[in-house]
Every structure is written in structure tokens, then in C-alpha cells.
Amino acid sequence: MQNIPQSLEQAKLELKRVFADCDDFCLREISLGTDDEINIMIGFMEGLVNKQMVNADILKPIMIESHKIDLKYNNIINLLQKELLTANQLTAVNSFTDAVVSILSGDTVIFISGYHTALKVDTKGWEGRPVEEPDTESVVRGPREGFIETLQTNLAMIRRKVKNPNLKFERMKLGAQTNTDVYVCYIKGIAHEGIVDTVRKRLEEIKIDAILESGYIEEFIEDAPFSLFPTVGSTEKPDVAAAKLLEGRVVILCDGTPFALTVPFLFIESLQASEDYYSRFYFASLVRIIRTVALVITTTLPAAYVALISFHQDVIPFKLLLNIAASREGIPFSAFTEALFMGITFEFLREAGVRMPRPIGQAVSIVGALVLGESAVSAGLVSNIMVIVTALTAICSFMSPSLGVTTVFLRLINLAASNIMGFLGLTLSLTAFLIHLCSLRSFGVPYTAPFTPLAGADLKDTVIRYPMWAMFTRPRSITRKNVDRMNFNQ
Amino acid sequence: MPEYIRISYIQLTLLLTGFLLGSSAIMNQSDTARQDSWLAAILAVIAGVAVISMNVWISLLNPGKSLIGILKDKFGNVFGTVTAVLYIWYFIHIAALVTRELAEFMVTTTYAETPIIFVAICMVLVTAYLVRHGLEVIARTSEILIPLLIVSVIIIFLVMINLHEYNIENLLPFNERGLKPILHSSFIMTTFPYGESILFTMIFPYLYHRKLLKASILGVLISGLLILGITLRDLMVLGPDLISRVIFPPHITTGLIPNLDITPLVEVNLIIAGGIKIAICIFAAALGIAQLLGEHDHKPFVVPISVLTVVLSIWIFDDILAFFYWINTVWPYYSIPFQFVIPVLLLLMSWLKTKQRTV
């Protein structure tokens, strides 16, 4: 580790060498006191610092206020730290590398001639997005603020929800080139220490040059990198992050992205939404049931339709069978081809809807609804029933957003299986997925908990949500410490 | 024995329920007792409780050891290895029988034109995938699937009540031909499926020993109750004459639900328990081979045993009728050494040894 040079000239040379061609780097030489005997140099990055703070808390005290006091001090560092500088956060740094990294993260570093120590003042202040309602997790009832790209603001938002010194934020720097700040957040005394240790260890093992989004981290710390199912959760809302922390989970915040990671992530969480806990439990339970049914529909409906049409016509009630036969008359393709065609078309529409600029959205919806829906039927490409099946599948696929593209894979695999073997194929492929789910773990916790291994009390927060006053334990499958939610003695 | 794999008692109970229900959810093998087969089912449950208690007791007297270890321990290296190999063969044989039965069921009832080997391969493929993940995953999967199966059996039972399909006169006259056919039928039902629970001595070492007996007996009772329910349902709905003529009575029964033909849906549910049974058999065989060879991992043996199971299931019988004839005439006597003679010997030897130690 390189030390900070004692001579200001040398320090200047070093800084100029490090920040050569970095024209946003500012270096200012000033002197302390009336007679120019103590030279001082401050360095910061333009755009990363709050200019008012630099002017009022650093420059003004050193250049003007210092005239009023006796400078016959032995130690200038002490003088600056204890009497002159009015900045609220001030630390001494000894290593030149640390000083450079601090400058790059928005601090102002004060070099003093004749000392091996420099002072680092927190003057971070850059332009950022204001706190807004996130698009991914919108709610009717509940807090509307979402995380933003600035890490400090996100930390503060969580801290404001959980005013408790046991809420720990542990900082790490990841990415050899980007030096991204990553925070491991957990509540000491609630989170399982083994899980926190695992998170720390897996984060430390990440060797990559850049972390631009928490998705980079997610791929490195996943338990099952090749699985279709996510074993790391993400959220954009501080209230969700706080709730996960209080359930004993660990939250990983990454600088530069509004998406925080939550681990361990269990399958049941893809059916839970923050609003379930803010509305009354009858309603919340109903919505949970609807979401569960929707998940089943979106993964199996096209497959079940193909199985019925191609293998088990005798199961369909006779009158409905006549209607289906009438609508399929003149269609040259098999039910499987139809389902595949419509399913892929829907994926096209969805991806186009996400990527394109907002104003063109209407054009796509018109093309999608009219041309591909209406005209495909009248042109004899697909049957009416198939359009209904696809529409229902599509609507239901939006109800479990955290599973995302997983449902598409499940749907296609089920479709293929049921085209080969009917209901037996569908059952076998669903069983295979179930086996896969049962074999997954997220940070040591079985992915299918609390259904299996059965954790009785945890079932209160699954397909139906019990009233708040009846859920008196934290999920035991995640943490076994301090599980009592309603005992205030500890 | 891997120490880190543990399964819970609920999981053991459900595994045992699924294992014993395995084939009984789709077939009704006790037709020698005719209208009294419900009595045979009750007697078989009582015998089943005795059998499972014996198997648990063997495990309790030899803590931490699976069947293979116990055999080697008690019979010496050479004779113990020979019996262990025979047992592994027996497990593979059971897996092949169940595979054949399930595949025949699907081919007979729904997929008339599909080659039976294709159905068998598809089912064993999923089972092998399950077994490769190990006992924990088998237990977790059955913890989700077996309750579903139990619920669907109960629903069929209740739907029939609602539709007034039950005819109590089908159970009369009681005890028409004396006790002998009933006893014979209950003997067959004891060997298939209850006696097969000797296979669970491969799994018992994965549990802590405290409540083993209770959980196992509960599993036998649940499956016994369900088998009794299925037998009574089929008897009362179809009558003993029809039952003796059809191959898969439950299929006919579910087909009788009016206005709605949901048989394919029900059938795929009913084969789940069979799938669990195949999985447990293949697991026990793979684990047995691994332990016999001193390997820690059962995984390398899963695929070969699965292939063997498929081939064997096709090869052993010409058709489903030969299968049923064999099950009812040869199987019970073929099973006696595996299910009763060797276990009783093991129990006596273990018991005498502990007694010597305490005295």
C-alpha cells in the first residue's frame, strides 16, 4: 500500500499521474492562516461532490475562519479535525490508494504539506432520480416509494422503516474496475447467522471486473445456476425489503440500481405480494388463491387443451365438443401447432411492448389485438378457442412477475409433453418439475418450504394469509432464532 | 450411512402410505374372497401392522444399519452377501412388477395404440430422475404428491356416495364359502403390498429412532384404510361378479360418474403412488448395491437399475392376464423367504444378541 507523500509537490505529481486525462478531476491549492506557511491542497471530482458543501465547509473555514484563531498548534491535522472544518463526516486516511478511491466515490480529500495523513470529507452529492413509485411492483394500498439508484438513499429508506440498532449494514466493495459499493443488510438476532455467513462468503468469492446491476451479483451467488427457477429474489420497494429483513432474510443492496436482492428466496414468495399484508385477510387470501390458480393456468392451460383435443376428446362434454369441432373446422394445423404459434406470437408482442418507446405502444396493441387476434381466426389460421386459451394464459402469466420467463419455459415443455402423451405426458412433466423444485435449495433452505419439509406454522402465510394477529411466529423454515413476533420481553 | 440426510416422520408415514397404496389404487387383487374381500382387506391390515412392527424392530435392534449391513452382520460375510444380492434382485423385481402394472394400466385404459415399452420408459425416466436426487427429494416429493393422491381417492369415494351408486346388497351373502378363501385372499394381500415393507429397512437408518414405530404403523393404517375404502367402493358399485371379470375395477368405477368423464384425469393421479413405489424400490436397490460395494454414492447405479427395470418389466410376462395369474399364484410363495423367513431369522438373531449383552 502506497503512503501519502509528505511533500505537497510530490502528492500533486502523484495525483496528476493517477488522474491524467481525467478532466473532471479538480485540484485546488490553498494555504492556511495569515502567513502562507502551511500549504494545503484539496482534490475532488466535479459532479460527484456537493459544491456548496465544499465551499462552505472546507474552503471557507480554511481560508477565512483560520485567520481568527491561533495557529501555533503542533498538529495541523488535529486543528483541522477538531476546530476548523465544519463538515459533518471527516476521516483521516493514510494510504494513497484509499485517497484515490475516496475521491472517485465523491469525497473531498485534503492533503496537508508535511503530513503522511490526509483528511477525507464526505461531500457526496450528485444528481439523482427522485424517489418515485416503482413500475414493477405497483400497489393500490401501501407505501409508494421505491428504491432509487443512489445507495445511501436506499439504506436510509430501509433504516427509516426499521429503527433498530440491530439492523446491520455491512459494506463490501465488489468489481475490480468499478469498485461498486455493496451492502449486506440483516437484523442481528433474527437472521440466521449461517445464512449471513454464506452470503458474505459467496459475495467475497465474486471475481469480476464490473458490477453494474444487482443481476450481476445474483448470477454469482445463486444456488442453482442452471435451474429455470430463481433462487434469489429481488425487490424495488423498501417496505418489502424491510418485511423480508424482519422475516429473517438477508437483503443485498447494490450501488447504481433500484433492485435489491433478498435471500433465501423460496418458491412461495413468487405468489406473495406486499399488498397482501396491507389489505384485510379475507381479500388477501382470495387474491392469493387467484394467483395460485393463475400460476397453474398459465403453465398448463395450453398443454391441457392440446391433450384434450388430441387425446381425450371423450372427457369434453358433448355440446362443447361440437362447438370446438365447429370452430376448428377448416383449420389445417394440429392443436399443438396452433398453441405453439399463438404462444410464440404472444411472446413477440410482450417483448415488443417492453422494448419499444411508449408512444408506439398503441400501434402494437392495435396490430396485436386486431390483426393477430381477429384476423388470424377469420383467415383460418387458428381457432376461436385457441385465441381464448392464449389470452387467458397471457393474462395469468402477469400475475406472478417474479417467476417471469420461467412460466414460458414451463408452458412450452408441458405443451410438448402433452402433445406426445396427453394427460400422462402432462403429469409426467409436471412431476419432473415438482421433483426439480423439491431438489432445490436457496442458501440452505429447501425451496419448497413450508410445504415440504412441512413447517406447520409457516403455512399461515401461503395460499391463504391468516390475520396479522394470528401469525405470531416468523417463518421457521428461514430462521429459528427469536421466532416469536408478539413477545416483547426479549 | 450418510449422516446429513434426514427425513421427517411425516415424510416416512407418507412414503410408506404411497409405497403400500402403490398398485392398490388401480387394481383389486383379492378376488378369491369375492364379496368378503373387505374382510380380507381388514385382516391384511392387521397382518401388515405385525409385519411392519417386525421390520421396525429389526432396525431398532441394529441401530444405524440398513438391511444389507444387518444381513452381513448376522449371516457372516459370504452367506450375508448372497442374501443381500438376492434382496437387491427382489427389490428390482418389485420395481419391474409395478412398472409393468402401471404401464399396462395406462395402455389398457387410455393409450390403446401406444407401445407399452414407451409408456414404461417415460415413467421410469421421471422416476430415475427422482431417485438420482436421493432420499430427501423422494421424501419431499411424496410429501406433496401423496396427500394429493389421498384426496383424490377420497373425492372419488364421496362423489359415488353423492350419486347413490352404492349398493349394499353387493356385500351379501356374508361368508358364503367359509373362512378359507378369505384367509387365502388376505394372505395374498399381506404379501402384496404389506410384506414388501421389508424394503423400508433400507430407509429406517435415515431417521432418528424415537417415533419410528408409531410413524410406520400410522402409514400402514392410512394405506390400509384407503385400500379398504377402495375395495368397499368397487365391491358396492360394481359387485363381485363384475370385479372378477374386469382387469382394473377402479377404472370402471370412476367411469361410472355420470355427466362427466374424468377418467384420464383421475388415472394419472392414481399412478402417482405407483411412481413413488418404483422410486423407492429403485432407490433401495441402488443403495443396496452401493453399500455392498462399499461406495458412498448410490447415484451411479440408478440409471443401470432403471434400464434393467424397464427391460425386465416387458420381458417377464406376455400379457396382463399372465401378470395377474402370476401375482395371485406364484408371488405369495416366492415372497415368503424374503418377507417372512429371513426377517424372522434376523429378528431372532438380533434379539438373542441384545439379550446376551444385557445378561
Side-chain angles (χ1 to χ4, degrees), chain A residues 224 227 266-268 296 300 303-304 307-321 413-414 416-441 444-456 459 462-463 476-477, chain B residues 4 6-11 13-14 102-103 105-107 109-114 118-148 255 257 259-272 275-276 279:
Chain A
S227 173
L266 307 183
F267 182 73
I268 188 68
V296 174
T300 59
L308 283 177
I309 292 295
S310 321
F311 288 87
H312 311 285
Q313 293 94 342
D314 45 339
V315 178
I316 310 173
F318 186 64
K319 283 181 183 166
L320 181 62
L321 189 62
I413 294 170
N414 285 338
S418 74
N419 187 45
I420 297 171
M421 292 274 279
F423 276 137
L424 179 63
L426 181 57
T427 311
L428 289 180
S429 75
L430 284 176
T431 312
F433 281 123
L434 181 71
I435 295 166
H436 176 63
L437 281 177
C438 287
S439 73
L440 287 180
R441 276 171 183 275
V445 181
Y447 197 52
T448 40
F451 296 113
T452 170
L454 195 65
L459 289 176
T462 50
V463 179
R476 272 170 208 273
S477 37
Chain B
Y4 50 89
R6 289 283 174 203
I7 63 176
S8 70
Y9 287 100
I10 303 172
Q11 286 173 340
T13 305
L14 289 170
L102 293 190
F105 177 65
M106 292 319 294
V107 169
T109 57
T110 318
Y111 301 93
E113 287 172 42
T114 311
F118 185 70
V119 179
I121 287 174
C122 285
M123 287 191 305
V124 174
L125 210 61
V126 176
T127 318
Y129 178 64
L130 174 58
V131 179
R132 266 189 78 89
H133 285 302
L135 184 65
E136 266 184 325
V137 177
I138 299 176
R140 279 189 217 149
T141 312
S142 63
E143 198 173 3
I144 290 182
L145 287 181
I146 298 302
L148 283 182
I257 302 172
N259 300 329
L260 195 64
D261 189 3
I262 52 164
T263 35
L265 268 173
V266 175
E267 275 149 16
V268 289
N269 272 317
L270 296 183
I271 64 165
I272 286 171
I276 295 285

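Quick caveat, the model's predicted, so the values are computed rather than measured. We name chains A, B, ... by the order of the sequence lines, and we start the count at 1 in each one. Note that these values count all heavy atoms, side chains included, but never hydrogens, waters or copies made by symmetry.
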Taken to the nearest 0.5 Å, the spacing of Asn419(A) CG from Phe311(A) CZ works out to 6.5 Å
If you round to the nearest 0.5 Å, how far is OG1 of Thr427(A) from CG of Leu434(A)? 12.0 Å
Does any heavy atom of chain B fall under 4.5 Å from the side chain of [X], the backbone, both, or neither of them?
| X | answer |
| --- | --- |
| Thr448(A) | side chain |
| Phe318(A) | neither |
| Leu440(A) | backbone |

Is Thr110(B) close to Leu424(A) at the side-chain level, that is, under 4.5 Å between some pair of heavy atoms? no
Would you mind checking which part of Ile10(B) comes under 4.5 Å of any heavy atom in chain A, side chain (CB onward), backbone (N, CA, C, O), both or neither? side chain
Give, as side chain, backbone, both or neither, the part of Thr141(B) having an atom under 4.5 angstrom from any heavy atom of chain A. both
Take atom CZ in Arg476(A); do more than 12 heavy atoms of anything else shown fall under 6.0 Å from it? no
Can you say whether the rings of His312(A) and Tyr111(B) are parallel (under 30°), tilted (30 to 60°) or perpendicular (over 60°)? perpendicular
If you count heavy-atom pairs under 4.5 Å between each of Arg140(B), Gln11(B), His133(B), Met123(B) and chain A, which one has the most? Arg140(B)
